[in-house]
Protein chains: 4
Amino acid sequence: MARVSDAHLAARRHSILVAATKCFSQKGIAAATMAEIAAEAGISPGAIYRYFENKDDLARWCMDESAEAIKHAWENPTSAEMSFVELSRLTFAELNKPEVAIDTQLFLERALIFVRDEHAGALGEFQAEFEKVRAGILFLMERQFGPAPEDVDVQAIAEALYGFYWGARVMKLLMPEVNTDAQVEALHSLIGHALDKTCGK
Amino acid sequence: MARVSDAHLAARRHSILVAATKCFSQKGIAAATMAEIAAEAGISPGAIYRYFENKDDLARWCMDESAEAIKHAWENPTSAEMSFVELSRLTFAELNKPEVAIDTQLFLERALIFVRDEHAGALGEFQAEFEKVRAGILFLMERQFGPAPEDVDVQAIAEALYGFYWGARVMKLLMPEVNTDAQVEALHSLIGHALDKTCGK
Amino acid sequence: MARVSDAHLAARRHSILVAATKCFSQKGIAAATMAEIAAEAGISPGAIYRYFENKDDLARWCMDESAEAIKHAWENPTSAEMSFVELSRLTFAELNKPEVAIDTQLFLERALIFVRDEHAGALGEFQAEFEKVRAGILFLMERQFGPAPEDVDVQAIAEALYGFYWGARVMKLLMPEVNTDAQVEALHSLIGHALDKTCGK
Amino acid sequence: MARVSDAHLAARRHSILVAATKCFSQKGIAAATMAEIAAEAGISPGAIYRYFENKDDLARWCMDESAEAIKHAWENPTSAEMSFVELSRLTFAELNKPEVAIDTQLFLERALIFVRDEHAGALGEFQAEFEKVRAGILFLMERQFGPAPEDVDVQAIAEALYGFYWGARVMKLLMPEVNTDAQVEALHSLIGHALDKTCGK
DNA sequence: TATGAATGAGGTTTCATTCAT
DNA sequence: CATGAATGAAACCTCATTCAT
């Protein structure tokens, strides 16, 4: 079976990641076994080790993939043409897809691991992401609503929105029926009340 | 024929829970070993089994304790005399204590376990808690601000506030330096703008 | 089975060493399995790990024990009262015991390991032993035969005797029937011819 | 239908043997992997199996090669014209070459394997070699020194010399700096004292 | 009742060997 | 013929749990 194309190898590697992500999210990283993952991927346990150093490495790739997917949720390619409200709506609408639960789960496992290990680098990366998103939200809010009044802490609002995003992920995980869209609309409405120049007239 | 007083038994049981909670949050439930917990509690591994069925049972008690602690955060005993804003402030101020991270961690582990098992009972309990808190927030908001205008979805605001609470826990876990208090104040301010009758004048 | 006496623990540890030494010499260190050793020792595989870090550690203890036994062969407690020839005779007579083959085997495995790893410390230890034995042989030869003539390199003879000792071990390993005692006598005779003042008269 | 010349096949087979001998002596036969050997030989793991049955077979060829090389050390082509002392000197001088360590290592691994398996054939072969060398030494000693005196056990001296040869190999393995040449000279001197007719005059 | 030595199932990982390409 | 991806048996080791003391 020698001299397999790179595409084949990449596909095999990807199929292992998919299988592992499924098993890890279904049973938890610690409880999922390499044998299960191999079976799910339709290969032998030993084969996994040609593509990943060990279970930890495999888990890290899965978790990183989820973290990356979550990051990208905030980097909508069409954002340039969208208003703050539209983009926010779109970002939260994503959470209604059932498959985002898997990303949330793996992200939370990752977060727990990093917190336990006091993994400064990883936590710093999260902070950087936090700051990038905050800046993005700030920019969009100002573009839509113009400069904020003195008495409104736009920065804190942006941070709160990002915090609410994580809360929404956790709530959707535990209660898929919860209507986060309505909550977002309510927040938009509050923000509109406070920032929109039409308010108060 | 009990040679040992009930109080002693309860104390020992509690010391095991404390030790287990420490180990579980430090290493994760799966990675923490019964031997470590026993050492931390200053007893022998075998002794744990006189107080808890098995490791799962012990973990469940720890996680439930954390979940209970989180629940109580919203049920401030002095709430009767407090305004919505004061109570909210107090509840979020709790999150600045470093030790709440442990509760957050164990709660998240619990959440992940329940989601994996599709543990309907446990998820229902979370939903019940969610609804109770939402009702409480609604009640307090109405008591403070009076009936909401037609165009403000107070229910969704209450839900969003609860969601933000979970987001704040996650953010504090990953970035202890984040200023959730300022974010809460910003949200209060937004809510005030929308609901307070003084607005617009 | 708690609170077992130290004597019991030491005995158990020793029985593991005995079982491991048997298995290691019978199958080689690499080929012997922990399960076999456990079975030989009449315990479960897991129990071994309460007494030894891991297989390597266990093997090291076995090999060190063999090396120690070989060292002691040259340190006969009654040596003070014995002549060089008597002590030499006794030391080589030991090699007729079939059980010394085990020590030879484990020592050789150890030597191979140390050579592969270029384990300077261990090789230095062997050198120290070499020098100690050489000095001992020199001392005994001088005590028995007096100062050596100018043209006889007593030091080299002592070294050669030690080298021959190792050769004898290897030969006995491969050909247990070989008569090393006669060889020793022949060497003694040669040494006598050269050193004994009666020679040449 | 052979596409590849026999010479090419033989060359490749030889290169595998060289690579395997290097790996086996560096890491031990058990620890060296077929993949490593293949990499060292610059071919694929699968290709080895076209030239050797399996790892054991390959190891046997390597070990036999070493054993053969050691045998040949005693069968110096120019021996016919040499005295006992000259040939002995030459044979031991070989041990100063660092590369003989590899042969010693592999020979010892082979010896350990044969002893473990009680491999009668192989051990018999060693005995035959032993007897051939003994006879050779005897012949040479008689040719050089003439018939031995009654009181000198020339046979035992020959055996002892062969035993010393193995000891010298082991010592050189563990202490490359040891001066085996001087030891040999000392033994020659002893033998000369005892056998040379000039002695005593 | 507490102890902690022992168990042994089960997990991860390695690697000799095979065989489709 | 060579390749090297895949297999899968088997090894090491861990640790929740038990139970003799």
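The model shown is predicted, which means the values in this text are computed figures rather than measured ones.
Distance CD1 (A:I29) to P (E:dT12): 12 Å, rounded to an integer number of Å. Nucleotide E:dG4 holds its C1' atom 13 Å from the CG atom of C:D6, rounded to whole Å. In this structure, the NZ atom of D:K27 is 10 Å from the P atom of E:dA16, given to the nearest Å. The interatomic distance linking B:I48 (CD1) with F:dT18 (C1') rounds to 14 Å, in whole Å. Separating the CD1 atom of C:I37 from the C1' atom of F:dC13 is a distance of 13 Å, rounded to the nearest angstrom. The separation between A:M34 atom CE and F:dG8 atom P is 17 Å, rounded to whole Å. Distance CZ (D:R60) to P (E:dA16): 15 Å, rounded to an integer number of Å.
Of the listed nucleotides (F:dT14, F:dA11, F:dA16), F:dT14 has the atom at the smallest distance from the side chain of C:Y49. Which of E:dT12, F:dC13, F:dA2 sits closest to the side chain of D:A47 comes down to F:dA2. Nearest to the side-chain atoms of A:R50 among the listed nucleotides E:dA6, E:dT12, F:dG4 stands F:dG4.
Annotation: D:E68, atom CD; neighbour count of heavy atoms from other residues, nucleotides and ligands within 6.0 Å is above 12. Within 6.0 Å of the CD atom in C:E99, the count of heavy atoms belonging to other residues, nucleotides or ligands exceeds 12.
Summarising the base pairing, E:dT7 is matched to F:dA16 through a Watson-Crick or G-U wobble pair whose two defining distances lie under 3.5 Å. Across all strands shown, F:dA2 is found opposite E:dT21 as a Watson-Crick or G-U wobble partner, with both distances under 3.5 Å.
Taking the nucleotide of DNA chain F with the nearest heavy atom to each of A:P45 and B:N54, the more 5' of the two is matched to A:P45. Along DNA chain E, the nucleotide nearest to C:L9 and the one nearest to A:K55 differ in position, and the one closer to the 5' end is contacted by C:L9. Looking at which nucleotide of DNA chain E each of B:S44 and D:D56 is closest to, the 5′-most match is held by B:S44. With DNA chain F read from its 5' end, the first of the two nearest nucleotides for B:A35 and D:I43 is the one closest to D:I43.
If you check every strand for non-hydrogen atoms under 4.0 Å, A:F52 touches nothing. Residue B:A39 is out of contact with every strand shown, counting any heavy-atom pair closer than 4.0 Å. Among the atoms of the strands shown, none is found under 4.0 Å from any heavy atom of C:A30. Residue contacts for C:A32: at a heavy-atom cut-off of 4.0 Å it reaches the sugar-phosphate backbone alone, with no base atom in range.
With a 4.5 Å cut-off on side-chain heavy atoms, D:M63 and D:F107 do not count as touching.
In this pair, A:W61 and A:F52 present their aromatic rings perpendicular. The plane angle is above 60°, beyond the 30 to 60° band.
Contact check, B:R12 against E:dA2: a side-chain N or O comes under 4.0 Å of OP1 or OP2. One finds no side-chain N or O of C:Y51 lying less than 4.0 angstrom from the OP1 or OP2 phosphate oxygen of E:dA5.
Formation of a donor-acceptor pair under 3.5 Å by the D:K22 side chain with backbone atoms of D:A41 is not found in this model.
Residues C:F24 and C:I29 share a closest heavy-atom pair of CD2-CA, 3.5 Å.
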